[in-house]
2 protein chains.
Amino acid sequence: MTTESTSRSRKPKRGQTREALMSAALELVVKKAPFSALSLREVTKKAGVVPTAFYRHFPDMSALGLTLLDESFRTLRQMMRQVRQQELPNERMLRGSVETYFTYVRNNRAHFLFVSKELASGTPTMRNAIRREIRMFTNELAMDMARFPFLNHINAEDLQMMAGLVVNNVTALTQEMLELEEIDETGQQEVLITAEKQLRLIYFGVGMWRSDKSHS
Amino acid sequence: MTTESTSRSRKPKRGQTREALMSAALELVVKKAPFSALSLREVTKKAGVVPTAFYRHFPDMSALGLTLLDESFRTLRQMMRQVRQQELPNERMLRGSVETYFTYVRNNRAHFLFVSKELASGTPTMRNAIRREIRMFTNELAMDMARFPFLNHINAEDLQMMAGLVVNNVTALTQEMLELEEIDETGQQEVLITAEKQLRLIYFGVGMWRSDKSHS
DNA sequence: CTTTCCCGTCAACACATGTTCACTAAAAAA
DNA sequence: TTTTTTAGTGAACATGTGTTGACGGGAAAG
């Protein structure tokens, strides 16, 4: 027995209350409302703890929110790393990346949902943090693309634009996927196929790119 | 004098309270929080009316929300109509459409912001209504594209996919634009340029589209 | 051992919230 | 005109909220 688990109203829960608070909040966000609509008491109740215990771990709700955001970012970066270390771009790579990505989304619904909601409805602090993170992803993607042989005739600015296009779409499709029931296999498969098609269009459509008339 | 405007604690405000409530709520959403975080009393206070007066116009807050959504949709459809009745696609059309669209966004910040926030953080009812509306837009766009001469070799399914790509991106760029300060002219100009570039890539990149190997 | 400190509990507060009810003045209908 | 309907007000309620303070048990440090 590791923690003397009588499980019944034992008082000090050995630092695991903090995590209980975090996952309680996360659950509530997933199945109820934006984080800003959660009340401290609500969270502590769901965590099985008295309201005042909250202050032992966080100064206030917004601190909890930022911690949750950090945790989500860790998930996101881990995903990014895994997607990036795919091999160089042959025809198959695209499908592979898309699949690993959306598998990640499925396995981390809560975090993706949290970020997605906060991006639109969070405090300015949160929104900025998320948008900064997304901009970082975009930059990394642009750098990766610069290494693709069939894209090496594209200048840096256009690569950035392309990467933005990709990220915007993946983001949108992610939100679409998150709206689906977890059971809806066919729906999820459709999103995946759409994603692959759209990315294919972006990647290979860029081949037409040549110096054209208008704009500076 | 039309409405006997002594303006000072005059009692019946002739049906204009309803609108006051709506725009009060809209303002609060714009500069404070998601709609779900607004309180009835907060709204009535901002509207300059006693809390109980609310019930003369709406059964509860969620009804106000739906009304606000309706109003926003009217704005959105009007915009769509105006963008659609642009001429057929020469090189200039793209820029023209992009400009009219984002002008609309600028002139209706509140409505676009409201919809954008509710899409992510609203009640399921709201989210579904918005997604349905967006799907409608996408379909109309696909139909419009079908009439473009240089796209008439694309089958319906791919057109739908293309339209989705366009809508996803415009949505994302809209949110980006809404994050900018209203004064930030250069920032807004940049978004506009990016938009045009990205759309150009989508529209003309599709020229490469030919029956290729993989996927069903 | 004793002391310290972490961490959960309980009681209590001041305040904001949604909603009710009865009341009334103006506008509209008769 | 009189009557009815519409749309505002005020007092009052039960409940939910963030936060404070003093208390105490168990784990870790001395």
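Remember, predicted model here, so these are calculated numbers, not experimental data. Below, read A as the first sequence line, B as the second, and so on, with proteins coming before strands; counting in each chain starts at 1.
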Practice task
Measure the distance from CG on Leu21(A) to P on dC7(C) and round it to the nearest whole Å.
Solution key: 12 Å

Completion exercise
By nearest-nucleotide position on DNA chain D, the 5'-leaning member of Arg56(B) and Met61(A) is Arg56(B)

Exercise for the section: Answer yes or no: side-chain N or O of Thr52(B) and base N or O of dG10(D) forming a donor-acceptor pair under 3.5 Å. Expected result: yes

Practice task
Enumerate the residues from residues 24-44 of chain B whose closest heavy atom to DNA chain D is under 4.0 Å, giving them by residue number; use none for an empty result.
Solution key: none

Exercise for the section: Measure from NZ on Lys45(B) to C1' on dC15(C) and round the result to the nearest Å. Expected result: 12 Å

Completion exercise
DNA chain C nearest-nucleotide lookup for Tyr55(B) and Pro51(A): closer to the 5′ end is Pro51(A)

Exercise for the section: Considering just the side-chain nitrogens and oxygens of His57(A), establish if one lies under 4.0 Å of OP1 or OP2 belonging to dC6(C). Expected result: no

Practice task
Just jot down the side-chain hydrogen bond (donor to acceptor under 3.5 Å, both in side chains) partners of Glu179(A), sequence neighbours excluded, or say none.
Solution key: Arg127(B)

Exercise for the section: Rounded to the nearest angstrom, tell me the gap between atom CZ in Arg18(A) and atom C1' in dC6(C). Expected result: 14 Å

Exercise for the section: Tell me what Phe54(B) touches on the nucleic acid: a base, only sugar-phosphate, or nothing, going by heavy atoms under 4.0 Å. Expected result: nothing

Handout entry: Rounded interatomic separation in angstrom, taking CZ from Phe58(B) and P from dG8(D)
Key = 11 Å

Practice task
Test side chain to side chain donor-acceptor pair (under 3.5 Å) on Asp184(B) and Thr186(B) and set out the steps.
Solution key: CA-CA 6 Å; Asp184(B) 187 355; Thr186(B) 63; 3.2 Å; yes

Handout entry: Ion pair check, Glu196(A) and Arg200(A), cut-off under 4.0 Å
Key = yes

Exercise for the section: Side-chain contact test, heavy atoms from C-beta onward, threshold under 4.5 Å: evaluate it for Thr67(B) versus Arg18(B) and give yes or no. Expected result: yes

Handout entry: Met136(B), CE atom: more than 12 neighbouring heavy atoms under 6.0 Å
Key = yes

Exercise for the section: Go through Phe35(A) and Leu28(A) one step at a time and tell me if the side-chain contact (heavy atoms from CB on, under 4.5 Å) criterion holds. Expected result: CA-CA 8 Å; Phe35(A) 181 79; Leu28(A) 286 173; over 6 Å; no

